[in-house]
Amino acid sequence: MRRTTLSRYLIEEQREKGKINADLRLLLEVVSRACKGISIAIGKGASAENGGVFGEAGSENVQGEAQKKLDILSNEILLEANEWGGHLAGMASEEMAEPHSIPNRYPQGEYLLLFDPLDGSSNIDINVSVGTIFSVLRCPDGADPTQSSSFQQAGTQQVAAGYAVYGPTTLLVLTVGDGVVCFTLDREYGSFVLTHENMQIPADTKEFAINMSNARFWDAPVKRYVDDLLAGANGPRGKDFNMRWVAAMVADVHRIMTRGGVFLYPIDSRNRDKGGKLRLMYEANPMAFIVEQAGGAATTGTERIMSIVPTALHQRVSVILGSKSEVEIVEKYYREMN
Ligand code: AHG
Ligand code: MN
Ligand code: MN
């Protein structure tokens, strides 16, 4: 049986379908190589040299969050891999206050790459799935890629997005606006092999994901929605729902991509002044692009996530995404109760 590797898939998207150009193909190859590097580092865990890759780095990022060693290492792996290929105009990351410019000894490309190098940091030390999330935009003509304003484009402008999940297997899920595909890392060959073509999120579900410990802070529409789910077969929904929360968006979204469900990290009274918890440009937008490409939906409750024009690089946002019919119910409650 001939297996389709990521390289082959990308070449076909370029040559046969004309969906991507050679630079975007290179970019996606390079990002996948970096994810492979991160996967290897995670696999070594505490056994790696110099005390291992787990634990605190002893520093904070621009958002005041304590950085883990692996947050920093993953960021460095992505920066280093993408700097010199000539496919990028600039990069931005959760772990860097300002955009990272391409050193002028290297050629500049037309694309901007944004990433959450290590998503689900609190899972690192307990050996539970973590991931990488990335989004690709074009650098607007004449725009300065060292400025955040060049990156501040609506999610609808994304030309590609993806995530890697570092779980029992390492997966790479990708969209170039032509549906969603999933590759599994074959560790022996060191290559990503196509294992799910055309991922589709079932429209209906019986599973939801939300951090229930925040219930007392939620807006009334979210409270009403979750109360309906908890009421199960005896409530307005007339069926029992199950709940899962991995605390790594990549893992929760991947479960939804695989068997349906809805994920909520809504704006609430505790995070309202920040705009929410999750970051728009390198968490919510790429996930929204992937979810929409798989037939799902992604909203803040009142607005399609990908329509938002960002005003800051590290802007946060309310996130409700997954199976379309569930997302529509939350939106309906927001309309009725606002
Ligand atoms: P990160 O590790 O990149 O900061 O992201 C963590 C995010 C997201 O992955 C997850 O869904 C959420 O934070 C979990 O938050 P709680 O700990 O509040 O449940
Ligand atoms: Mn994250
Ligand atoms: Mn992160």
Side-chain angles (χ1 to χ4, degrees), residues 31 34-35 38 41-42 53-57 59-79 91-97 113-135 161-167 173 207-218 222 226 243-257 261-272 274-288 290-291 298 305 313-322:
V31 169
C35 290
I38 296 169
I42 291 171
V53 297
F54 293 177
E56 303 296 328
S59 51
E60 276 190 356
N61 66 14
V62 60
Q63 316 176 51
E65 297 163 338
Q67 291 175 305
K68 307 267 183 187
K69 281 196 220 168
L70 206 53
D71 287 320
I72 293 179
L73 179 66
S74 306
N75 193 54
E76 280 168 4
I77 289 175
L78 278 155
L79 290 180
M91 286 182 261
S93 159
E94 178 188 349
E95 305 304 339
M96 302 182 298
L113 176 65
L114 297 97
F115 44 82
D116 173 355
L118 208 287
D119 175 66
S121 300
S122 70
N123 284 354
I124 298 169
D125 298 341
I126 56 169
N127 200 25
V128 173
S129 292
V130 291
T132 296
I133 310 172
F134 65 93
S135 165
Y163 62 80
V165 195
Y166 311 111
V173 172
E207 209 161 67
F208 69 101
I210 191 166
N211 185 336
M212 290 291 296
S213 70
N214 295 327
R216 67 190 185 283
F217 305 114
W218 295 339
V222 173
V226 177
M243 197 209 82
R244 289 285 185 273
W245 185 252
V246 185
M249 187 192 199
V250 273
D252 281 311
V253 168
H254 189 69
R255 184 185 60 256
I256 291 169
M257 291 295 295
V262 59
F263 169 94
L264 304 93
Y265 213 123
I267 195 162
D268 64 28
S269 62
R270 203 175 44 166
N271 64 33
R272 195 174 311 282
K274 291 181 177 165
K277 157 132 188 187
L278 299 177
R279 278 57 55 112
L280 173 61
M281 298 206 63
Y282 41 80
E283 290 181 316
N285 269 340
M287 290 310 202
I290 290 166
V291 163
I305 285 174
L313 187 60
H314 298 287
Q315 186 168 334
R316 295 178 190 250
V317 69
S318 180
V319 176
I320 298 150
L321 58 76

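Just so you know, ligand 1 is whichever comes first in the structure, and atom 1 is the first atom listed for that ligand. Keep in mind it's a predicted model, so treat the numbers as computed, not measured.
- By the criterion of a heavy-atom distance under 4.0 Å, the side chain of Asn211, and not its backbone, is placed next to ligand 1.
- For the Mn ion (ligand 3), the set of protein N/O/S atoms nearer than 2.8 Å consists of Glu94 OE1, Asp116 OD1, Leu118 O, ordered by chain and number.
- The atoms of ligand 1 that sit less than 4.0 Å from any heavy atom of Ala248 are 9 (O).
- By the 3.5 Å distance cut-off applied to N or O atoms, Gly120 is counted among the residues near ligand 1.
- The aromatic ring centroids of Trp245 and Phe208 lie 6.0 Å or more from each other.
- Applying the side-chain contact (heavy atoms from CB on, under 4.5 Å) test between Met287 and each of Ile256, Val173, Val253 identifies Val253 as the sole match.
- Under a 4.0 Å criterion applied to the non-hydrogen atoms of Asp116, ligand 1 contributes the atoms 3 (O).
- Classification of Glu65 and Arg279 as a salt-bridged pair holds, one side-chain N sitting under 4.0 Å from a carboxylate O.
- Although no hydrogens or angles enter the test, the distance criterion places no donor-acceptor pair under 3.5 Å between the side chain of Asp116 and the main chain of Glu94.
- Taking CG of Asn211 as the start and CG of Leu264 as the end, the distance is 11.5 Å to the nearest 0.5 Å.
- For Asp252, no nitrogen or oxygen atom sits less than 3.5 Å from a nitrogen or oxygen atom of ligand 1, counting backbone and side chain alike.
- Protein heavy atom closest to atom 7 (C) of ligand 1, with residue, atom name and distance, is Leu278 CD2, 3.7 Å.
- Looking at Asp71 and Lys68, no side-chain N of the basic residue comes within less than 4.0 Å of a carboxylate O on the acidic one, giving no salt bridge.
- For the ligand labelled ligand 1, residue Asp71 lies outside the 4.0 Å heavy-atom shell.
- No part of Gln67 comes within 4.0 Å of ligand 1, judged by heavy-atom distances.
- Residue, atom and distance of the protein heavy atom nearest to atom 13 (O) of ligand 1 are Lys277 CE, 3.3 Å.
- Formation of a donor-acceptor pair under 3.5 Å by the Thr132 side chain with backbone atoms of Tyr163 is not found in this model.
- Atom OH of Tyr265 sits about 11.5 Å away from atom CG of Asp252, to the nearest 0.5 Å.
- Contact annotation: Asn214 has no heavy atom less than 4.0 Å from any atom of ligand 1.
- No heavy atom of Ser122 sits closer than 4.0 Å to any atom of ligand 1.
- Polar contact check, Met249 against ligand 1: a nitrogen or oxygen pair lies under 3.5 Å apart.
- Listed by atom number, the atoms of ligand 1 under 4.0 Å from Arg279 heavy atoms are 1 (P), 3 (O), 4 (O), 5 (O).
- The protein heavy-atom contact nearest to atom 18 (O) of ligand 1 is Tyr265 OH, 2.6 Å.
- Contact of the Ile133 side chain with the Tyr282 side chain is not registered, since no non-hydrogen atoms from C-beta on lie closer than 4.5 Å.
- At a threshold of 4.0 Å, the pair Glu56-Lys69 does not count as salt-bridged, since none of the basic side-chain nitrogens sits closer than that to a carboxylate oxygen.
- Two residues are said to be in side-chain contact when any heavy atoms from C-beta on lie closer than 4.5 Å; Leu114 and Leu313 meet this criterion.
- In Ser121, the parts holding a heavy atom less than 4.0 Å from any atom of ligand 1 are both the side chain and the backbone.
- The distance from ligand 1 to the heavy atoms of Leu118 drops below 4.0 Å at these ligand atoms: 2 (O), 3 (O).
- Of all atoms in ligand 1, numbered sequentially from 1 with element shown, those under 4.0 Å from a heavy atom of Glu283 are 3 (O), 5 (O).
- Contact check for Lys274 versus Gln63: no side-chain heavy atoms found under the 4.5 Å cut-off.
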Next item on the list: In sequence, state the C-alpha distance, the side-chain angles, and the governing distance for Asn271 and Arg316, and then conclude on side-chain hydrogen bond (donor to acceptor under 3.5 Å, both in side chains).
Entry: CA-CA 9 Å; Asn271 64 33; Arg316 295 178 190 250; over 6 Å; no
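- Among Leu78, Leu79, Ile72, the one residue that satisfies the side-chain contact (heavy atoms from CB on, under 4.5 Å) test with Asn75 is Leu79.
- In terms of protein heavy-atom proximity, atom 5 (O) of ligand 1 is closest to Asp119 OD1, 3.2 Å.
- Contact check for Phe263 versus Val291: no side-chain heavy atoms found under the 4.5 Å cut-off.
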